[in-house]
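Here's the structure we're looking at; comments come further down.
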Amino acid sequence: MDYLSAIQITEVISTIFYTILGVALMGLVWKCIDWLTPFPIIKEIEEDQNIALAILIGLLFIAVAIIIAAVLVS
């Protein structure tokens, strides 16, 4: 079976659209987190080497990504 014939253009376009939408929503979440915190997150992680904050932000992004994926799939 030819794999290229099994790919439909609508699936490719919807995948690209939902990828862009998901990345935009993650960017919006990042801006909200940065706006709500009373200290600069980037400085705290990079310069002060706050590993706990880096892990917390990473876990928060994973949680938000799971929520966004669940909304986009259904």
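Because only heavy atoms are used, hydrogens play no part in the values below, and waters and symmetry mates are left out as well, while side chains stay in.
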If hydrophobic clusters are built by linking Ile, Leu, Val, Met, Phe, Trp and Tyr wherever their side-chain heavy atoms come under 4.5 Å apart, do Ile51 and Ile41 end up in the same one? no
Tell me whether Tyr18 at atom OH has more than 12 heavy atoms from other residues, nucleotides or ligands lying less than 6.0 Å away. no
From Leu56 atom CG to Phe61 atom CZ, the distance as rounded to the nearest 0.5 Å: 11.0 Å
Can you run down the side chain to side chain donor-acceptor pair (under 3.5 Å) pairs that involve residues 47-65, sequence neighbours left out, and say none if there aren't any? Lys43-Asp48, Glu44-Asn50
Could you tabulate the donor-acceptor pairs under 3.5 Å formed by side-chain atoms of residues 20-37, not counting sequence neighbours?
unit_1: Thr37; atom_1: OG1; unit_2: Ile33; atom_2: O; d: 3.3
unit_1: Thr37; atom_1: OG1; unit_2: Asp34; atom_2: O; d: 3.2
unit_1: Thr37; atom_1: OG1; unit_2: Phe39; atom_2: O; d: 3.2

Spacing of Leu60 atom CG and Leu53 atom CG [to the nearest 0.5 Å]: 10.5 Å
What heavy-atom pair brings Thr19 and Thr15 nearest, and what distance separates the two atoms? OG1-O, 2.7 Å
Roughly how far, to the nearest 0.5 Å, is CD1 of Ile13 from CD1 of Ile9? 4.5 Å
